[in-house]
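Residues take their numbers from the sequence shown, with the count starting at 1.
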Amino acid sequence: MKITLEYSTQIQQKAGKPAPTLELEAPCTIQELVKEIAAGAGPDLQAFLFDTEGNLQPTILLSINDEQVSWETPVMLQDGDSIGLLSPIAGG
């Protein structure tokens, strides 16, 4: 199945590359995918996305097809899904 990722600028900088489009063979949840992406990108992205207990940082927004999802609720990915990883930016 084909999955498209979208990163905010901060997350893209931590990942060190633009968000890719992925081809996944096996079914997986959005949580499994985000953990795999973070592990593959290295410690900077892992520390930015996850706390020391492996939970998604509360400042990170996760979405599937532009609808926000909760980290605590496993969601199976479907072919064609667009996954958003966003870090809100405040300013004034």
Side-chain angles (χ1 to χ4, degrees):
M1 75 180 143
K2 188 175 185 178
I3 302 295
T4 302
L5 296 175
E6 299 173 14
Y7 294 158
S8 67
T9 301
Q10 284 182 305
I11 292 174
Q12 183 173 323
Q13 289 172 343
K14 298 290 182 185
K17 58 186 174 184
T21 297
L22 303 173
E23 287 285 339
L24 303 177
E25 295 294 325
C28 74
T29 66
I30 190 169
Q31 291 82 355
E32 292 168 333
L33 179 62
V34 171
K35 287 179 182 179
E36 184 178 313
I37 291 165
D44 284 346
L45 184 59
Q46 284 181 310
F48 189 75
L49 294 178
F50 297 103
D51 65 19
T52 57
E53 296 168 2
N55 299 308
L56 193 68
Q57 295 284 1
T59 57
I60 303 298
L61 301 177
L62 185 61
S63 68
I64 299 177
N65 302 323
D66 295 323
E67 290 190 33
Q68 190 170 346
V69 295
S70 169
W71 180 254
E72 291 77 25
T73 305
V75 179
M76 293 300 294
L77 296 174
Q78 304 294 321
D79 185 42
D81 280 345
S82 176
I83 307 304
L85 281 169
L86 305 171
S87 55
I89 299 174

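- Atoms CG and CD, on L86 and E6 in that order, are 7.5 Å from each other to the nearest 0.5 Å.
- A distance of 7.5 Å separates CE in M1 from CG in D79, rounded to the nearest 0.5 Å.
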Would you mind writing out the side-chain donor-acceptor pairs for residues 54-69 within the sub-3.5 Å range, not counting sequence neighbours?
unit_1 : atom_1 : unit_2 : atom_2 : d
Q57    : NE2    : F50    : O      : 3.1
N65    : OD1    : S82    : N      : 2.8
N65    : ND2    : D81    : OD1    : 2.9

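- Scanning all heavy atoms of the two residues, the minimum distance from L24 to I3 falls at CD1-CG1, 3.7 Å.
- The stretch residues 18-42 participates, sequence neighbours left out, in no ring pair (Phe, Tyr, Trp, His ring centres under 6.0 Å) pair at all.
- Residue pairs satisfying the ring pair (Phe, Tyr, Trp, His ring centres under 6.0 Å) criterion with at least one member in residues 1-28, sequence neighbours excluded, are absent.
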Exercise answer: donor-acceptor pairs, residues 27-40 side-chain atoms, under 3.5 Å, sequence neighbours excluded:
unit_1 : atom_1 : unit_2 : atom_2 : d
T29    : OG1    : Q31    : N      : 3.4
T29    : OG1    : E32    : N      : 3.0
Q31    : OE1    : V75    : N      : 3.4
Q31    : NE2    : W71    : O      : 3.1
Q31    : NE2    : T73    : O      : 2.8
E32    : OE1    : T29    : N      : 2.8

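- Take E53 and apply the side chain to side chain donor-acceptor pair (under 3.5 Å) test, not counting sequence neighbours, and it matches no residue.
- Contacts classified as side-chain hydrogen bond (donor to acceptor under 3.5 Å, both in side chains) and involving residues 18-27 (residues at least two apart or in different chains) are not found.
- In this view, Q10 and S87 satisfy the side chain to side chain donor-acceptor pair (under 3.5 Å) rule, not counting sequence neighbours.
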_Run the side chain to side chain contact (heavy atoms under 4.5 Å, CB included) test on L22 and L5 for me, step by step, so that the C-alpha distance in whole Å, both residues' side-chain angles and the decisive distance to 0.1 Å come before the verdict._
CA-CA 8 Å; L22 303 173; L5 296 175; 3.8 Å; yes

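- Among residues two or more places apart in sequence or in another chain, the side chain to side chain donor-acceptor pair (under 3.5 Å) test is passed with S70 by E72.
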